[in-house]
Amino acid sequence: MPRRIKIAPSILSARFDRLGEQVLDAAKAGADLLHIDVMDGHFVPNLTMGPALVKSLRPLTKIPFDAHLMVTNPQNFVKAFAEAGVDDLTVHVESDHDMSATLKAIRDAGVKPGLVLNPATPFAEAKQFLGDVDLLLVVPVHPGLSGQAFRRDVVRKIREARAYIDKEGLACELQVDGGIKVDTAPLVAEAGADILVSGSGIFPDHVAENLRALREAAEAAVKGRR
């Protein structure tokens, strides 16, 4: 059977004046995860969501919360986000921290650990850690700003990651976040992504229709590959 593509709506593009309603819209539409972009205003220029917001949203749905830490010292945020109710935490290879220690801290907190690679970072930078994570996030845009154009040159890195994960038999899902819409979803799905994160491609209006169209476009590409 063709690989099932998971869709993770990113609430960074949701309407914050009715965020709870938007989360419920995504859940009802069949979202597999809810993606939460955490920015500290230092590692990236923007400042966004913290543990208090995650904690307030957690009672609304049982959908896994997928938190992407775009922060300088991710090890300092693990405990707070774990207690707030996230299900996985992805941290940047490029950030200032001891990667092995941070991944262990995430796992010890009862949360699934993951890695993130910026567009310019080679896949080789992640290889040594992939046996210790549940998720590899490849970012085809510069992190920190919503609505950027998709960088097609990153598709090669997605293919490289897919081939390596399969060859090594790793239990690591491959996620892509940045510029994912109906026209780019087939590119990353065909290249081997398991999870597609989309913000402005799903929110704020017509959430169910947008999510369905995104999934159908991605799954059609996977079927075509076979």
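Just so you know, these numbers use all the heavy atoms, side chains as well, and skip hydrogens, waters and symmetry mates.
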Review point. So Q175 and H35, side-chain contact (heavy atoms from CB on, under 4.5 Å) or not? Walk me through it.
Key: CA-CA 11 Å; Q175 184 181 77; H35 190 78; 3.9 Å; yes

Practice item. Quick one: do M99 and V93 satisfy side-chain contact (heavy atoms from CB on, under 4.5 Å)? Show the steps, please. Key: CA-CA 7 Å; M99 177 63 79; V93 170; 3.9 Å; yes

**Study point:** side-chain contact (heavy atoms from CB on, under 4.5 Å) evaluation trace for K104 with D98
**Key:** CA-CA 10 Å; K104 183 178 185 302; D98 181 328; over 6 Å; no

Review point. Yes or no on side-chain contact (heavy atoms from CB on, under 4.5 Å) for V141 and V139, after CA distance, side-chain angles and deciding distance?
Key: CA-CA 6 Å; V141 298; V139 183; 3.9 Å; yes

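One side chain, S10 or D37, offers a donor N or O that lies under 3.5 Å from an acceptor on the other.
Side-chain contact check for M49 versus L12: some heavy-atom pair is nearer than 4.5 Å. Counting only heavy atoms from C-beta outward, the side chains of V188 and R159 never approach each other to under 4.5 Å. Residues R15 and F203 are not in side-chain contact: their nearest non-hydrogen atoms beyond the backbone lie 4.5 Å or more apart. Here the side chains of E83 and K55 are not in contact, with every heavy-atom distance at 4.5 Å or above. Using a 4.5 Å heavy-atom threshold, the side chains of L137 and H68 count as touching. Contact annotation: the side chain of I202 never approaches that of S13 to less than 4.5 Å [non-hydrogen atoms, C-beta and beyond]. Annotation: side chain of Y164 is in contact with side chain of L170 (closest heavy-atom distance under 4.5 Å). The shortest side-chain heavy-atom distance between I195 and L174 does not fall under the 4.5 Å cut-off.
Look at D132 and K127 and you find no salt bridge, because none of the NZ, NE, NH1 or NH2 atoms lies under 4.0 Å from a carboxylate O. Salt bridge annotation for D194-R4: absent, with no cationic side-chain nitrogen under 4.0 angstrom from a carboxylate oxygen.
Atom CG of residue N46 and atom CE of residue M39 lie 5.5 Å apart, to the nearest 0.5 angstrom. Atom-to-atom distance recorded for I165:CD1 and E160:CD is 10.5 Å, nearest 0.5 angstrom. Note that CZ of R212 is 12.5 Å distant from CD1 of I7, once rounded to the nearest 0.5 Å. For the atom pair CG of L53 and CD1 of I11, the computed distance is 5.5 Å after rounding to the nearest 0.5 Å. Here the CG atom belonging to L69 is positioned 9.0 Å from the OG atom belonging to S95, to the nearest 0.5 angstrom. Going from atom OG1 of T102 over to atom CG of N73 covers 9.0 Å, rounded to the nearest 0.5 Å.
Between the S198 side chain and the I180 main chain, a donor and an acceptor come within less than 3.5 Å of each other. A donor-acceptor contact shorter than 3.5 Å is absent between the side chain of D134 and the backbone of E173.
L47 and F16 are not part of a single hydrophobic cluster, where members link through side-chain heavy atoms under 4.5 Å apart. L34 is connected to L89 through a chain of hydrophobic side-chain contacts under 4.5 Å among Ile, Leu, Val, Met, Phe, Trp and Tyr, so both are in one cluster. Linking Ile, Leu, Val, Met, Phe, Trp and Tyr whenever their side-chain heavy atoms come within less than 4.5 Å leaves V197 and V71 in two separate clusters.
Taking the salt bridge (Lys or Arg N to Asp or Glu O under 4.0 Å) definition, one finds that D153 meets it with R151, sequence neighbours left out. Listed by chain and number, the residues in a side-chain contact (heavy atoms from CB on, under 4.5 Å) with R152 are F150, L187 (sequence neighbours excluded). A search for side-chain contact (heavy atoms from CB on, under 4.5 Å) contacts involving D88 returns L33, D66, T90, K112, L135, not counting sequence neighbours. Scanning for salt bridge (Lys or Arg N to Asp or Glu O under 4.0 Å) contacts around D96 gives an empty result, with sequence neighbours left out. Remark: R58 pairs with D87 by the salt bridge (Lys or Arg N to Asp or Glu O under 4.0 Å) rule, at least two apart or across chains.
The environment of NZ in K157 is crowded: more than 12 heavy-atom neighbours from other residues, nucleotides or ligands sit within 6.0 Å.
The heavy-atom pair separating A29 from A208 by the smallest distance is CB-CA, 3.6 Å. Taking all atoms of both residues into account, the shortest heavy-atom contact from S200 to K181 is OG-CE, 3.3 Å. Across all their heavy atoms, A14 and L19 have their closest contact at CB-CD1, 3.8 Å. In terms of heavy atoms, A109 sits closest to A82 at CB-CB, 3.8 Å. Of all the heavy atoms in A126 and L136, the pair that sits closest is CB-CD1, 4.1 Å. The minimum heavy-atom distance between A191 and R162, with the atom names listed, is O-CB, 3.7 Å.
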Cut-off 3.5 Å, no hydrogens considered: what does the side-chain donor-acceptor table look like for residues 115-122, sequence neighbours left out?
residue	atom	partner	partner atom	Å
N118	OD1	H92	ND1	3.3
T121	OG1	E94	OE2	2.5

